[in-house]
Amino acid sequence: RWDGIRLNIDQASVRRRGSIIEVAGTIDRRAGFGLDIASRAVDLRDLTLPPVGATLDGRIEVSGRVTGQPSAPTIALAASSSDLIVNGIRFEGASGRVRWEAGTLRFDPLQLRRGDERYQISGEIALNGAPSLNLAADVTDGRLSTLLGLGNVRLSLPLDGTVSGLATID
């Protein structure tokens, strides 16, 4: 419903290929977005994502909110996946809170599980201007090869081992 200032959306669906996102809320002429979004199975290949320096694949469940102006939206989501693939590395479990605002992607935190390996990633990737990283990974029974793969680091020599502890990237 349009009231002359805002579009009130009781319920709508946005579809791209096999992915469907449910939307409800308002789009205000002055205030911008005030939308609640949710989806049970969004294929990451169906989304146009900012270039974060990683190749992403798999399906995710999301719920959250889109606010702000169309030219600079803020997206705050709770997300989970049972088949997330990052730079070719498959995780059986991924969940956490993700926020996109002013060209910065924030993880608060993002938890990844691959077999017995556990990774909890917090921090941000800023893509406005020169890209920068400020991330911390709390690792339990992780693999060095998995950490290197997450960072898209390819070495000429095979390097692996079990890793536990806190790693930071600035």
Side-chain angles (χ1 to χ4, degrees), residues 14-22 36-67 72-170:
V14 177
R15 177 186 299 264
R16 182 164 187 193
R17 293 187 281 267
S19 299
I20 301 171
I21 299 175
E22 302 294 328
D36 294 313
I37 61 173
S39 179
R40 289 198 173 271
V42 172
D43 190 324
L44 288 170
R45 292 173 292 184
D46 292 344
L47 300 176
T48 302
L49 299 171
V52 294
T55 304
L56 303 173
D57 202 353
R59 301 179 78 70
I60 60 171
E61 293 186 18
V62 296
S63 64
R65 190 142 175 87
V66 178
T67 57
T74 296
I75 304 169
L77 301 173
S80 64
S81 174
S82 60
D83 69 345
L84 179 66
I85 301 169
V86 181
N87 294 334
I89 301 168
R90 178 179 294 276
F91 293 92
E92 295 90 30
S95 64
R97 302 196 67 73
V98 180
R99 184 178 182 91
W100 172 260
E101 182 176 22
T104 300
L105 181 63
R106 289 183 178 84
F107 305 108
D108 188 27
L110 178 63
Q111 298 169 2
L112 304 172
R113 182 178 48 80
R114 183 172 194 240
D116 292 335
E117 303 169 43
R118 303 286 185 269
Y119 306 87
Q120 182 170 297
I121 300 169
S122 301
E124 62 186 35
I125 301 171
L127 301 172
N128 45 2
S132 66
L133 297 171
N134 181 2
L135 297 172
D138 189 355
V139 181
T140 304
D141 296 325
R143 303 294 306 174
L144 182 56
S145 58
T146 302
L147 284 173
L148 293 171
L150 282 172
N152 212 12
V153 175
R154 305 288 183 240
L155 301 175
S156 59
L157 300 171
L159 188 59
D160 202 3
T162 302
V163 177
S164 290
L166 183 64
T168 59
I169 301 172
D170 287 319

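Nothing fancy with the numbering, it's 1 onward along the sequence.
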Spacing of [X] atom [atom1] and [Y] atom [atom2] [to the nearest 0.5 Å]:
X: Ile121; Y: Phe107; atom1: CD1; atom2: CZ; answer: 7.0 Å
X: Ile60; Y: Ser39; atom1: CD1; atom2: OG; answer: 8.0 Å
X: Ser19; Y: Arg40; atom1: OG; atom2: CZ; answer: 14.5 Å

Just checking Arg65: does its CZ atom have more than 12 heavy atoms from other residues, nucleotides or ligands closer to it than 6.0 angstrom? yes

Does atom CZ of Arg17 have more than 12 heavy-atom neighbours from other groups under 6.0 Å away? yes

Could you tell me whether a side-chain N or O of [X] sits under 3.5 Å from a main-chain N or O of [Y], the two making a donor and an acceptor?
X: Asp43; Y: Arg59; result: no
X: Ser164; Y: Asp141; result: yes
X: Arg16; Y: Asp46; result: yes

Could you pull out the closest heavy-atom pair between [X] and [Y], with the gap in Å?
X: Gly149; Y: Asn87; answer: O-ND2, 3.0 Å
X: Val42; Y: Ile20; answer: CG2-O, 4.4 Å
X: Leu155; Y: Leu148; answer: CD1-CD1, 3.8 Å
X: Pro73; Y: Val66; answer: CB-CG1, 4.2 Å
X: Ala78; Y: Arg97; answer: CB-NH1, 3.4 Å

Is there a side-chain contact (heavy atoms from CB on, under 4.5 Å) between Leu77 and Ile37 once you walk through the steps? CA-CA 9 Å; Leu77 301 173; Ile37 61 173; 3.5 Å; yes

side-chain contact (heavy atoms from CB on, under 4.5 Å) between Ile85 and Leu56, worked out: CA-CA 6 Å; Ile85 301 169; Leu56 303 173; over 6 Å; no

Would you list the atom pairs, donor with acceptor, under 3.5 Å between side chains in residues 127-135 and any protein atom, with sequence neighbours excluded?
from   : atom 1 : to     : atom 2 : distance (Å)
Asn128 : ND2    : Ala102 : O      : 2.9

Contact list for residues 107-118, test side-chain hydrogen bond (donor to acceptor under 3.5 Å, both in side chains), sequence neighbours left out: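 Matches after skipping sequence neighbours: Gln111-Gln120, Arg114-Thr146, Glu117-Tyr119, Glu117-Thr146.
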
Would you mind listing every salt bridge (Lys or Arg N to Asp or Glu O under 4.0 Å) that reaches into residues 160-169, with sequence neighbours excluded? Arg143-Asp160

